[in-house]
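Beneath this line is the structure, given in structure tokens, with notes to follow.
Given the structure is predicted, the values throughout are model-derived calculations rather than measurements. Side chains are part of it too, since the values below use all heavy atoms of this structure and drop only hydrogens, waters and symmetry mates.
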Protein chains: 2
Amino acid sequence: MSQMRRGALEYCVLALLARREYYGFELVQELSRVDALLTSEGTIYPLLSRLRREGLVETEWRTSPAGPPRKYYRLTPAGRAALAAFRQQWIAFRQAVDGLLDSLEGETK
Amino acid sequence: MSQMRRGALEYCVLALLARREYYGFELVQELSRVDALLTSEGTIYPLLSRLRREGLVETEWRTSPAGPPRKYYRLTPAGRAALAAFRQQWIAFRQAVDGLLDSLEGETK
DNA sequence: ACAAGGTACCTTGTAACGCAAGGTATCGAT
DNA sequence: ATCGATACCTTGCGTTACAAGGTACCTTGT
């Protein structure tokens, strides 16, 4: 199952950040609300670090209402462009896999 | 792009074999008719070898009309079950990713 | 002032699988 | 016997998701 997240997880993160800015821990929680996207900090923090390095997100430290300071992440224009490009690829990929599985559906019914 | 095929490619192969039996090279050609599933022998032969080892497919050598003999692959009951299980996971995963990207769609429109 | 619990961030090593490149083998035609 | 086309195969590599362990900060209680 984790193999399916490969290549797609980073864009799920970018898609969340397209809505609003999040801090790291929040992203883990938000993604994990869906079983299919269940992930952990050990995955998200290195991923966010790479996205920042690639210029797809930018960060900002802020104090927290209670507890340690939080690192907020925001999409950059490059990140938004990467996300748009991924959408096209994802649609094509999804339709391809759906097409193969649908023909199976017909057989099992 | 190749990362998206991770975890899903093997089930695309199983889905093709659910329709009818194929020989190895044919599978490469059939998959590669769709850009999103473009792959190569270097990928498919090791994958088929693993599927056979895992008992999801079975093989049969046959002479060819012209050229070298062909190794035909067929789904086993275990393979069919694995495929059905994957379908559930794929649907959940696809909907999760679609959900994230759809909210993006709303924003860009 | 100090300790503990909760929250938040981070790093590193591991594993799995898709891929490319190079290789061998068989068959028919010349 | 040689060559071209077809078919199969193997191995090392690269990428990314993950787990486990770690550090740091803030609030609360003693």
Just to be sure I understand the rule, does [X] reach a base, reach only the sugar-phosphate, or reach nothing, if contact means heavy atoms closer than 4.0 Å?
X	value
B:Thr63	nothing
B:Ser2	sugar-phosphate
A:Tyr73	sugar-phosphate
B:Gly42	base
B:Phe25	sugar-phosphate
A:Ser49	nothing

Task: Ion pair B:Glu10/B:Arg50, N-O distance below 4.0 Å - done: yes
Nearest to the side chain of [X], which nucleotide is it out of [options]?
X	options	answer
B:Ala66	D:dC18, C:dA20, C:dG28	C:dG28
A:Tyr45	C:dA25, D:dT27, C:dT11	C:dT11
A:Thr43	C:dA16, C:dC9, D:dA17	D:dA17
A:Thr39	D:dC18, C:dG18, D:dC8	D:dC18
A:Arg50	C:dT7, C:dT11, D:dA17	D:dA17

- [ ] Look at the side chain of A:Gln3 and the base of C:dC17, then say whether one donor and one acceptor between them are separated by less than 3.5 Å.
- [x] no
Open item on the list: Please determine whether any donor N or O and acceptor N or O are separated by less than 3.5 Å between the side chain of B:Arg6 and the base of C:dA16.
Closed with: yes
TODO: Could you check which nucleotide pairs with D:dT30 in any of the strands shown, counting Watson-Crick or G-U wobble with both distances under 3.5 Å?
DONE: C:dA1
Open item on the list: Going by ring-ring contact (aromatic ring centres under 6.0 Å, His included), name the pairs with one or both residues in residues 5-35 of chain A, residues two or more places apart or in two chains.
Closed with: A:Tyr11-A:Phe86, A:Tyr23-A:Tyr72
Open item on the list: Filter on salt bridge (Lys or Arg N to Asp or Glu O under 4.0 Å), then keep only pairs touching residues 31-46 of chain B, sequence neighbours left out; what's left?
Closed with: B:Glu30-B:Arg33
Open item on the list: For A:Arg70 and B:Glu54, find the nucleotide of DNA chain C closest to each by heavy atoms; which residue's nucleotide sits nearer the 5' end?
Closed with: A:Arg70
TODO: Let me know, please, whether A:Pro65 or B:Pro46 comes out on the 5' side of the other along DNA chain D by nearest nucleotide.
DONE: B:Pro46
Open item on the list: If we check side chain to side chain contact (heavy atoms under 4.5 Å, CB included) with A:Leu101, which of these qualifies: B:Ile91, B:Leu14, B:Leu83?
Closed with: B:Leu83
